[in-house]
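See below for the structure under consideration.
Letters go in sequence order (proteins before strands), and every chain restarts at 1.
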Protein chains: 2
Amino acid sequence: MAGIDDVAKLAGVSTATVSRALSGRGHVSAGAKAKVEAAAHELGYVVSSNASSLATGRTRNVGVVVPFLNRWFFSSVLEGAQQALLRHGYDLTLYNLAGDGAERGIVFDEFLLRKRVDAVIAISLEVSEGEVARLHDLGKPIVGVGGPIEGVRTLLIDDVAVARLATEHLLGLGHRRIAHIGGDLEFDLDFHLPTNRRLGYEAALQDAGVEPDPTLFAAADFTVAGGHHAALQLLGSPRNRPTAIFAASDEMAIGAILAARDLGLNVPRDVSIVGIDDHDLSEFFGLTTVAQFPHRQGARAVEILMEQLEPAAEAGPPTATALPYELRVRSSSARPGPDAA
Amino acid sequence: MAGIDDVAKLAGVSTATVSRALSGRGHVSAGAKAKVEAAAHELGYVVSSNASSLATGRTRNVGVVVPFLNRWFFSSVLEGAQQALLRHGYDLTLYNLAGDGAERGIVFDEFLLRKRVDAVIAISLEVSEGEVARLHDLGKPIVGVGGPIEGVRTLLIDDVAVARLATEHLLGLGHRRIAHIGGDLEFDLDFHLPTNRRLGYEAALQDAGVEPDPTLFAAADFTVAGGHHAALQLLGSPRNRPTAIFAASDEMAIGAILAARDLGLNVPRDVSIVGIDDHDLSEFFGLTTVAQFPHRQGARAVEILMEQLEPAAEAGPPTATALPYELRVRSSSARPGPDAA
DNA sequence: ATGCCGCGGGGGAGCGCTCCCATAGTCGCA
DNA sequence: TGCGACTATGGGAGCGCTCCCCCGCGGCAT
């Protein structure tokens, strides 16, 4: 393996100049720079990140901590973060904290603190104040995505507004009996997402002069099966059947569409269904939804970290934290049928 | 931040002893080891992986290269690999090569070779011989999962056998007109998976004395939408309609189930459907499938790397490369209806 | 007794960079 | 012409470990 000395020798300069030429820090004449680059290329030289990190104290590596890997939201955020990091020349070290607390302790004690990473992105993960404090003491920035973390800059869509938008879409179509499939409370201990989406739903109804009907709420976990189960209850009996369902996630909404079909109901003729996410499968199911853009959220998280990690970089826009969302109307929502109106 | 010197001072020993005590290499008396551990704990000392890597030349970090993050197979393998690596005290650096070749070159030239990783796991990714050679020259082991790579130890299920098993299940139920939804050829340039599964399907038919009917094959990409589209063609007209469909993946199979429903056909009464994977959603859809276990495949890949990276470790079983698979019969397959038989 | 071996432990070189400091040259302006 | 400011470059300490080499000691066979 070629080292910096080999490059220096070949280029006829000192190692200091090689370092400067390749890193862009400090002054190097154009000629010297060209010679160094040619030599480096010829030798197939790549700086040793270890040696570089040791000397600088920076690793150009960020740790990403996720609770799940195989769910759409998480993998999308991860993908966005990865690509953004790559553009900045950073590596991404992945920590998948699947549930149990044992791994978690190891990751925090041994890995994150091992000077392996310069910063941390926590995706929808509860991080204790103590953990945040430790990272802070080490001078490692942390940003959260998709779940509020005490004392940490966090990226998340305005769940209340998103739910409101979805509900208003249904109200605008003329629906009045609108059910909601939301997360159960246990889940809410970590994120306020289910609560917030329910609040947005209720607020939209009230603004339209519709009193929320507790019998039109069904709790479920954020899966197709959960949404299916909940929708069967909601749509099960013809009397008092809602004309529309707003589900807190697309996976739930897809479950609801399938449940409606199972009951012989036509979507959207007999029941309109909307979700939140714009999941991969939503287009296939013609699901009307409010898109959030987890891919961009991951990228945004990286930008925020870069502002702190590399203050020298372009100042960038003044960090607008309002995350975009967008109603995507497809075929699963329509005006209620005449008998319902 | 406490360094090794601080620990040495507090424990009243030399840094060499601290290093030995903490790494387990070399001889240290029990007493000294206890003192060192106590001191390290008291100071919250964690070895700097950079300094350690620089001195040893080993990073305890493996690079995982994946083409997609948000597909069930990939994220499952990734999860399995991550957990296995964590158990071995290794980190996982993720490289998501989404399509284009530009990123790819950067990753190989700058990142993987940057002495950042000790080994590489390539998931269903075509790796050129040149790339393999470079890694080999650097002494970095590489193992593939889910796609054959020239000259590299690769983990993948026996696609022919799996397809055969699925097809034989249908044959055993009495089906004779069995259609197949498989990958298209373009996709096959990378992996031989679609071809192999088709071969297994045809072999099973021939062994049962059924001549494969080319009109009962439909190409699709490996998605729900792809399977749906293909199944609509296959099941579209009542004449010559197959009594069963074997899809090369569960996502395709689920698309086929939905297509059957759209056509007013009952699964399994009018048509049986089986897939391959045991995808998360398969249970919900009652899909009969041949489970492969990507999570374990990821873990297995790690074990193989560890055998090379840490020869000192337990010798382990003699590396049986036969990967497990298992038929899971659910409600989507049954004997063909009387009119079909 | 003597030599040898194995174990426990210390000193310190060296891993491959970065960056501080020093030096030399160049330019512009008083 | 002189001086400060700035650019270009080299020398070399030091980042925080690991591990080679060395020493000392006790036990054991010769």
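In terms of phosphate contacts, Ser14(B) brings a side-chain nitrogen or oxygen within less than 4.0 Å of OP1 or OP2 of dG10(C). At dT18(C), one or more side-chain N or O atoms of Ser19(A) fall inside 4.0 Å of OP1 or OP2 (strictly under the cut-off). OP1 or OP2 of dG10(C) sits under 4.0 Å from a side-chain N or O of Thr17(B). Neither OP1 nor OP2 of dC19(C) sits under 4.0 Å from any side-chain N or O of Thr56(A). Put simply, Ser52(B) has no side-chain N or O that comes within less than 4.0 Å of OP1 or OP2 on dC17(D).
Of all nucleotides listed (dC17(C), dG9(C), dG10(C)), dG10(C) comes nearest to the side chain of Ala16(B). Nearest nucleotide to the side chain of Ala55(A), out of dG14(C), dT9(D), dT18(C): dT18(C). The side chain of Val28(A) lies closest to dT9(D), out of dG9(C), dT9(D), dC19(D). Side chain of His27(B), nearest nucleotide from dG16(C), dC7(C), dC19(C): dC7(C). Comparing dC17(D), dC17(C), dG9(C) by their nearest atom to the side chain of Val47(A) picks out dC17(C). Of the listed nucleotides (dC19(D), dG16(C), dG8(C)), dG8(C) has the atom at the smallest distance from the side chain of Ser29(B).
A salt bridge is absent between Asp118(B) and Lys140(B); no separation between the charged side-chain nitrogens and carboxylate oxygens falls under 4.0 Å.
With Arg60(A) contributing its side chain and His88(A) its backbone, the two residues share a donor-acceptor pair below 3.5 Å. No donor-acceptor pair under 3.5 Å is formed between the side chain of Asn50(A) and the backbone N or O of Leu54(B).
In this structure, Arg20(B) reaches the bases: a heavy-atom distance under 4.0 Å links it to at least one base atom across the strands shown.
A cation-pi geometry, defined here as NZ or CZ lying under 6.0 Å from the six-membered ring centre and within 45° of its normal, does not hold between Arg71(B) and Phe74(B).
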